[in-house]
Number of protein chains: 4
Amino acid sequence: MSSDKRRIIVPKQKRSEETRAKILAAGVDLFSRDGFHSTTSKKIARHAGISIGSFYNHFEDKRNLLIEIHRIHASKVHDMIGDALKIESLGSPGPGGSNIGRDIVEQSLKLHDFSPELHREITALAYSDPQFSEMSRREEERVVELMVGLLERHRDQLRVDDLEAAARVVVHAAEEVVHSIKIFGAPIEEKRLTDALGDMLFRFLYKDS
Amino acid sequence: MSSDKRRIIVPKQKRSEETRAKILAAGVDLFSRDGFHSTTSKKIARHAGISIGSFYNHFEDKRNLLIEIHRIHASKVHDMIGDALKIESLGSPGPGGSNIGRDIVEQSLKLHDFSPELHREITALAYSDPQFSEMSRREEERVVELMVGLLERHRDQLRVDDLEAAARVVVHAAEEVVHSIKIFGAPIEEKRLTDALGDMLFRFLYKDS
Amino acid sequence: MSSDKRRIIVPKQKRSEETRAKILAAGVDLFSRDGFHSTTSKKIARHAGISIGSFYNHFEDKRNLLIEIHRIHASKVHDMIGDALKIESLGSPGPGGSNIGRDIVEQSLKLHDFSPELHREITALAYSDPQFSEMSRREEERVVELMVGLLERHRDQLRVDDLEAAARVVVHAAEEVVHSIKIFGAPIEEKRLTDALGDMLFRFLYKDS
Amino acid sequence: MSSDKRRIIVPKQKRSEETRAKILAAGVDLFSRDGFHSTTSKKIARHAGISIGSFYNHFEDKRNLLIEIHRIHASKVHDMIGDALKIESLGSPGPGGSNIGRDIVEQSLKLHDFSPELHREITALAYSDPQFSEMSRREEERVVELMVGLLERHRDQLRVDDLEAAARVVVHAAEEVVHSIKIFGAPIEEKRLTDALGDMLFRFLYKDS
DNA sequence: TATGAATGAGCATTCATTCAT
DNA sequence: GATGAATGAATGCTCATTCAT
């Protein structure tokens, strides 16, 4: 009762693994540069320097390549977020000192320096394609979890009760403002936006500011 | 002698105007339901009950149909925003009373009840297509302007100095949270999110609350 | 037993005649500029400043418009040829004096100053379309007739016996050399070509020169 | 990484080479029979017994197929001309003997027995399409070169000074008369035309005839 | 495993022509 | 006679995918 489906290679040999890596790299390049819809599987194969047949040996189709790229990308981003939010940044909170608000903004900006074009493309697909929508949602859940963890560690300094709702709102606000800067090009000086955002998050989260 | 360029119909006859309306309606239906890329010009014509030739008499192509739809949609939304932000909502501010934060959230939610699917699709294109990116940006600028106007009218009650930066941050935060509710389906109870958002905006904007 | 065919207007009213003239003029312009295949009936109507419906009231289709244009053009050219070949140019033949060879070349060049672009387009169609081939042939026959007449008038000075064959060869040679100058752009100085051509025709036709 | 540009197959496999040959053959057939404009890429594919996709794998488009056909055709014709003009035909010149005039006519006729229909179609395009115009011109230049070479080899017997101008006039005259015979169908007996043409060329070129 | 030629459904778009007003 | 919106068959071309080598 074996599946009729095309058999996708699970690379075991070194050569095969290299081919797979080349395809992934080409996919990142082209999806970032031209977008998903303008990137054809032939172009990917050519850009990767392999044959179209080989492409289909390694990935079911274009869509699945992007999903795999997304998976890898997301896990890298997730690790970066994990690292970032581990930082115990809240020694002396307040406008003058360090605070979560400012730190979140800083880390968000940093995260978007990593492949903003790919991020843009995946965000586009999250808005137009249910499967990518679902993937983005799962990714977001993991980020929210980390954010909740961060907030919990500073609970005593915070004024918010519903940490999960707060975490979500914070993540969304940061995400969108950073998009307006990194993806669409800040319409006013970046610093004014990031200061306002940092200020907003700080005031929202912190007791007696 | 006059120009030989392809001429798009500028409706003079009643029948022509009706056809144009049918195409616009069909475009809204299909772009909302299936997305831009899965909607073909043939499908639009069939859905509108007209011929493919007629479609091309009225619109240069699929893309220009969506642009026109967007224009119409945007101006409706803009009017709604204008009306909404005119409301002098700030009798007795504070967690218990009415306040801008809560009002902005409410109005944002209301706005997204109007054709959320189309809004989703256009947002997707704003992320993937430079022309739509530019259109969305212009639209956003007009919203920011209205928001700055609103803030200015309540300046004495507000703690923020940089009204434009504040306006932008507020608009982005509200937009994204509302998208997570109306477009992607709230992952937790809507009220928890909107309360947190309203609270955040309020704390950010208001003096010593 | 009237024909089912679309009834084409035979202009009686002044307005109608003007419309017809406008269409003919527009046809000449566009066929000359863009060629037959790139000229659409809509463009013709627009260029003429009339409606597409009116175009079809006056001409069966694009093809028949060109045929009519050709007819008018050909009769003008024919008149010009008639005038040209009437000239009794052979006072003192010889390389130094006037001679038929040189005159034919001169007149051929002059003829091709009249709408060379249209001539080019019609020649193209003569090569690719049987109906135009036939029309060109008829036109050619009339030119050959005139040429035979000219030769007959100078028979005593000529060495050729088969006047018709001579006429045809002369017409073809002149036509093609002039095309290479007027239509394709002379690859060497025009004078060298026309001198050679005139010389060739002269030597061919004249007795012991 | 290599270029992403659309790549036209450069045949490596035998099957590919066969397909290419089939397309070329089908192109010759259909362009000759129906002309360029009436031949669609679908018809070519069907006639060649291959898929439309395969057609586009091998040729950029219909136009480029004809260009390639022309290139092949032109080089064959050029070889034939080269062979023909090598003939040292001028033993005892004169109306009774062999002479260049008669030889040129003979060879021109022979050349046009090879695919006259294709020649007709390409001539049509030379009149209507700048790119084909340019191609025909280049081809003509090569023929003129060969003709100049021939004339040079018999210079002492010739009366003409400007060999290049003479060569061009000769080529044009022969070309057009032969077209009137082979392409349009001689309106009078072929022999009368060829005799007149041969006579004209002979009298033009030769000393004291 | 890798290759790349072959496939053909499907899409955007054009344009000659009709006909109701 | 004039108008121009409507029509839809037809065309050029793309691209995801298959499969024989």
Side-chain angles (χ1 to χ4, degrees), chain A residues 6-7 9 11-13 15-16 19 37-46 50-58 60-63, chain B residues 6-7 9-20 37-45 50-63, chain C residues 6-7 9 11-13 15-16 18-20 37-46 50-58 60-63, chain D residues 6-7 9-20 37-45 50-63:
Chain A
R6 157 181 279 284
R7 196 156 302 284
I9 288 169
K12 291 166 190 171
Q13 301 183 6
R15 184 172 53 146
S16 173
T19 300
H37 291 289
S38 299
T39 298
T40 69
S41 39
K42 238 181 188 142
K43 280 186 197 168
I44 297 169
R46 183 132 60 232
I50 53 111
S51 71
I52 181 64
S54 227
F55 174 82
Y56 279 95
N57 282 339
H58 285 272
E60 225 162 89
D61 55 21
K62 202 174 77 165
R63 186 192 195 70
Chain B
R6 163 181 262 291
R7 178 165 304 166
I9 287 175
V10 181
K12 289 166 189 168
Q13 299 184 5
K14 199 185 65 196
R15 189 168 51 138
S16 170
E17 203 132 12
E18 282 167 8
T19 301
R20 188 183 153 85
H37 291 289
S38 300
T39 299
T40 71
S41 38
K42 251 189 181 127
K43 280 187 201 167
I44 296 171
I50 53 110
S51 71
I52 182 65
S54 225
F55 173 81
Y56 280 97
N57 278 341
H58 286 271
F59 294 91
E60 232 161 81
D61 54 21
K62 206 176 74 167
R63 185 192 195 71
Chain C
R6 155 181 281 285
R7 195 156 300 284
I9 288 169
K12 290 166 189 169
Q13 302 185 2
R15 186 173 49 147
S16 175
E18 279 166 9
T19 300
R20 191 183 149 83
H37 292 290
S38 299
T39 298
T40 69
S41 39
K42 239 181 189 141
K43 280 186 197 167
I44 296 168
R46 183 135 57 232
I50 52 110
S51 71
I52 180 65
S54 227
F55 173 83
Y56 279 95
N57 281 339
H58 285 272
E60 226 162 87
D61 54 22
K62 203 176 75 166
R63 184 190 197 74
Chain D
R6 163 180 260 294
R7 178 164 304 168
I9 286 176
V10 181
K12 290 167 192 170
Q13 300 184 5
K14 200 184 63 196
R15 188 167 52 137
S16 171
E17 204 132 10
E18 281 168 9
T19 301
R20 189 182 152 85
H37 291 289
S38 300
T39 299
T40 70
S41 38
K42 253 188 179 123
K43 281 186 201 166
I44 297 170
I50 51 112
S51 71
I52 181 64
S54 224
F55 172 81
Y56 280 98
N57 278 342
H58 285 272
F59 295 91
E60 231 160 82
D61 53 22
K62 206 175 72 165
R63 186 192 196 71

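All figures in this text were calculated on a predicted structure; none of them were measured in a lab. Just the heavy atoms: all of them, side chains too, but no hydrogens, waters or symmetry mates, feed the values below. Note on naming: letters A, B, ... go to the chains in the order of the sequence lines (proteins, then strands), and numbering restarts at 1 for each one.
Remark: the B:Asn57 side chain and the F:dA6 base include a donor-acceptor N/O pair separated by less than 3.5 Å.
Between C:Tyr56 and C:Asp61, the closest heavy-atom pair is CE2-CA, 4.1 Å. When all heavy atoms of A:Ser38 and A:Lys43 are compared, the closest pair comes out as O-NZ, 2.9 Å. In this structure, C:Lys62 and C:Ile44 approach most closely via the heavy-atom pair CG-CD1, 4.1 Å. Between C:His58 and C:Thr19 the shortest heavy-atom distance is NE2-CG2, 3.6 Å.
Taking the side chain as every heavy atom from C-beta outward, D:Ile52 and D:Ser41 approach each other to under 4.5 Å.
Rounded to an integer number of Å, the gap from CD of A:Glu60 to P of F:dT17 is 9 Å. Atom-to-atom, NE2 of B:His37 to C1' of F:dC15 comes out at 15 Å; the value is rounded to the nearest Å. Following rounding to the nearest Å, D:Phe59 (CZ) and F:dT14 (P) show an atom-to-atom distance of 16 Å. Summarising the geometry, the separation between CZ on C:Arg20 and P on F:dG1 is reported as 12 Å, rounded to the nearest angstrom. Across the protein-nucleic acid pair, A:Asp61 atom CG and F:dT17 atom C1' stand 10 Å apart, rounded to whole Å. What separates CZ of C:Phe55 from P of E:dC15 is a distance of 14 Å, to the nearest Å. In this structure, B:Glu17 atom CD and F:dG4 atom P are separated by 15 Å, rounded to whole Å. The interatomic distance linking C:Glu18 (CD) with F:dA2 (C1') rounds to 14 Å, in whole Å.
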Report, one pair per line, the protein and nucleotides 8-11 of chain F atoms (nitrogen or oxygen only) whose separation is under 3.5 Å.
unit_1	atom_1	unit_2	atom_2	d
F:dG8	N7	B:Gly53	N	3.1

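Five base pairs at each end of the helix from E:dA2-F:dT21 to E:dT21-F:dA2 define two local axes, and these are offset by 0° (rounded to 10°).
At a threshold of 4.0 angstrom between heavy atoms, the contacts of C:His58 are confined to the sugar-phosphate backbone, with no base atom among them.
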